[in-house]
Peer 1: 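Sharing a structure with you now.
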Amino acid sequence: MLLSHSIRTRTYKLNRTVLLISAITSIGLSACSTQQMSKPVAETSSSTVSQQPETNKEPSAPVVVSGATPVVGIVSADHASNSTNSPNMLTRSASQSTVMPSSIRVAPEARDNYQKNAANPVHRTADMSVATLSIDTDTGSYANVRRYLNEGQLPPTAAVRVEEMINYFPYDFSNSRRLGRAPFVVETEIVDSPWDKVEQGNQILKVGIKAIDTMYPGQSGKTDSTSVQLPPANLVFLVDVSGSMQSQDKLPLAKSTLNLLSKQLRAEDSISIVTYSGRTQVVLPATRGNDVATIQAAIDGLQAAGSTNGEDALKLAYAQASKSLKKGSINRILMLTDGDFNVGISDVDEMLNLVKAKRNRGISLSTIGFGRGNLNDYMMEQMADNGNGNYSYIDSLTEAKKVLSDELASTFNTVASDVKIQIEFNPEQVEEWRLIGYENRVLAEQDFNNDKVDAGELGAGKAVVALFEITPKGQTGTFAPRRYKENAAQNTRKSAKNINSTELGFLKIRYKATQNSKSQLIDIPIKSISKSAPLNKAHPDTQFAVAVAGFGQRLQQSPYINNWQYTDSKQLANQSLSYRTVSDPNGLRRGFVQLTELADALQPAVNNNTHPSKQKVSMK
């Protein structure tokens, strides 16, 4: 009896112990789960910039890259972090629901900040016939996208800027011509669109500009960026050494980048180094460029620690640049950072106004981004755009060599300032049109003739491409036909004899020879084509640019490219590389082909019921 009672007592205690352990475990798991589920997906850090252009109706928010890793397939960063999709995005929720992870692994929270821009809309030429834009020579988006893909992840859609991806590459423009005394050549070409619907007859208009340098030709007399003799340079390296720069892909890579650049410097160049974290200091006063040992010793001594006081550092860098200001030379601040400004920024507009004021005094600003996790891409692009510089992203020392060695002249030596492009489409030839990319570079029509409106700078040897998709008159477009096609004003114009009825449009380019000079205008009519212009017979440069444009739009999940896939961009890029006249000495274009393969491998499988593009029928 006592034994039975003892057994029952021990069993009771054991059961209580089991229940207690189970309850504790349950509470722990519940708390863990609650913490994970309640944590906001998109959390804005104090380093992010919440300001958006007035034309953007959506509130600013950083794009967050986080989420679980499934067994089958890897989803886009946007799908992993955003609970809602933009109307301009193709959703893949059905596909994702069938992919079940074997275990939940929460990726580290990312606070990368990108400006969200809706894709440029399609315009009816009868309603809006003029397109005006600033050129864009930034290349940061392409290198950043490459970093995502190499790490096994599709990039957030906001990280993709199609024009920066196209303009990352050099172009030949062998069919171009120089207009007047402009420091650049111009090329246009019209080809069939490869991604419109089968029943459509859309075309792609390419407008290309490539800078030459008439002021500082090299010994060979050539005008490409490798032969140009740069004017003396007054450079200030503004280096972020805050705690956020500790990882290997940040300050260590930035130091290697600067050491690489130091070997390109000459005796006539002047170099200073300013660092910033919790405090700012001049690590290296103005030093002659040929004193490489002193420069590299200062670079090698940089260490990351503390918070980020970007505002005071910027003022100190400008003060240092002003001390060594050289008239008629390159005066530029090169800012190396992840863009994580979290101390001292009382007003972003105030800081940008400082950048604008200094650019008008002859000191430009370029930004170079590093790392991930708190990359403030939006801030760095704004800084460079307002500072008449360029924004690059360094994901490897190879990219550093491209930006600061192979393309040194185009990075630092500006040959045309405030370059603006304007096209007036002829309503008798063009039914509809849209600009591909350049969403944050679109200008108002009246801004074209206003010299006070800032625009992009063109460096020596740099090529810039703008692509327009157009619907010729009489072809099926995006808009349904109108019952009353022409208003009274159109009838009045049509009743007059139109001697330019064979023109597709009229191209105008405005630029300044120097920053503070009066702008100059060149123009050229664009002749329409009456028959098909197959893409497979286009110039290899045009084929490649269209391949990159299709790739970028697919990464953005653009609704305008129908069933165009990464494999289509690969096929078109490979075709452009098959010509004997095409050279790819640094393997940049072949590297692009590899990225299309990575993106295709990472693309989640979906049931695609969209309209087939012509690319699926034949390569035009």
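We number each residue from 1, following the sequence as shown.
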Peer 1: Can you name the residues that form a side chain to side chain contact (heavy atoms under 4.5 Å, CB included) with Asn120, not counting sequence neighbours?
Peer 2: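 In terms of side chain to side chain contact (heavy atoms under 4.5 Å, CB included), with neighbours along the sequence ignored, Asn120 is linked to Leu435, Glu439, Val442.
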
Peer 1: Closer than 3.5 angstrom, by distance alone: can the side chain of Thr257 be matched with the main-chain N or O of Leu253 as a donor-acceptor pair?
Peer 2: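 Yes, Thr257 side chain to Leu253 backbone: donor-acceptor pair under 3.5 Å.
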
Peer 1: Does anything in residues 572-603 pair up under ring-ring contact (aromatic ring centres under 6.0 Å, His included), and if so which pairs, sequence neighbours excluded?
Peer 2: Phe544-Phe592, Phe551-Phe592

Peer 1: Could you tell me whether Asp584 and Arg589 have a side-chain N and a carboxylate O separated by less than 4.0 Å?
Peer 2: no

Peer 1: Heavy-atom distance under 4.5 Å between the side chains of Arg332 and Thr414, does that happen here?
Peer 2: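 Of all side-chain heavy-atom pairs linking Thr414 with Arg332, at least one is under 4.5 Å.
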
Peer 1: Tell me yes or no: between the side chains of Ser366 and Asn390, is some donor less than 3.5 Å from an acceptor?
Peer 2: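 Present: a donor and an acceptor within the cut-off.
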
Peer 1: Run the side chain to side chain donor-acceptor pair (under 3.5 Å) test against Thr514 and tell me which residues pass, sequence neighbours left out.
Peer 2: Ser517

Peer 1: Show the nearest heavy-atom pair for residues Arg372 and Asp112, with the distance to one decimal.
Peer 2: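 Taking every non-hydrogen atom into account, C-OD1, 3.8 Å.
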
Peer 1: Check whether any side-chain N or O of Asn113 sits under 3.5 Å from a backbone N or O of Tyr378 as a donor-acceptor pair, and report yes or no.
Peer 2: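 No: the side chain of Asn113 does not pair with the backbone of Tyr378.
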
Peer 1: With Lys420, which residues qualify under salt bridge (Lys or Arg N to Asp or Glu O under 4.0 Å), at least two apart?
Peer 2: none

Peer 1: Side-chain donor-acceptor pair under 3.5 Å between Asn259 and Asp300, yes or no?
Peer 2: yes

Peer 1: Out of curiosity, Leu595 CG to Asp600 CG, how far, rounded to the nearest 0.5 Å?
Peer 2: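 One gets 12.5 Å once the value is rounded to the nearest 0.5 Å.
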
Peer 1: Within this structure, what is the OH-CE distance for the pair Tyr391 and Met380, rounded to the nearest 0.5 Å?
Peer 2: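 Going from the OH atom of Tyr391 to the CE atom of Met380 covers 4.0 Å.
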
Peer 1: Distance check, rounded to the nearest 0.5 Å: Gln296 atom CD versus Leu284 atom CG?
Peer 2: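 Answer rounded to 0.5 Å: 11.5 Å.
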
Peer 1: Can you tell me if Ser364 and Asn388 form a side-chain donor-acceptor pair at under 3.5 Å?
Peer 2: no

Peer 1: So, Ser141 side chain and Ala159 main chain: donor-acceptor pair closer than 3.5 Å or not?
Peer 2: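 Such a contact is found between Ser141 side chain and Ala159 backbone.
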
Peer 1: Specify the closest pair of heavy atoms between Leu133 and Ala466, including all atoms of both residues, with the distance to one decimal.
Peer 2: CD1-CB, 4.5 Å

Peer 1: If I take atom CG from residue Asp291 and atom OG from residue Ser270, how far apart are they, to the nearest 0.5 angstrom?
Peer 2: 11.5 Å

Peer 1: Cationic tip of Lys206 within the cone over Tyr171's six-membered ring, i.e. under 6.0 Å and within 45° of the normal?
Peer 2: no

Peer 1: Can any side-chain N or O of Thr411 pair as donor or acceptor with the backbone N or O of Val403 at less than 3.5 Å?
Peer 2: yes

Peer 1: Just to verify, what does Glu268 make a side chain to side chain contact (heavy atoms under 4.5 Å, CB included) with, not counting sequence neighbours?
Peer 2: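 Counting only residues at least two positions away or on another chain, Glu268 forms a side chain to side chain contact (heavy atoms under 4.5 Å, CB included) with Gln229, Pro232, Arg266.
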
Peer 1: Do Leu258 and Leu336 touch side chain to side chain, with heavy atoms closer than 4.5 Å?
Peer 2: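 When only atoms from C-beta onward are counted, Leu336 and Leu258 do touch, with a gap below 4.5 Å.
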
Peer 1: Grab the two heavy atoms, one from Ser569 and one from Gly550, that are nearest each other, plus how far apart they are.
Peer 2: OG-C, 3.7 Å

Peer 1: State whether Arg177 and Glu187 are salt-bridged, where the test is any N-O pair (Lys NZ or Arg NE/NH1/NH2 against Asp/Glu carboxylate O) under 4.0 Å.
Peer 2: no

Peer 1: Taking only residues two or more places apart in sequence or in another chain, which ones pass side chain to side chain contact (heavy atoms under 4.5 Å, CB included) with Ala233?
Peer 2: Leu235, Asp269, Ile330

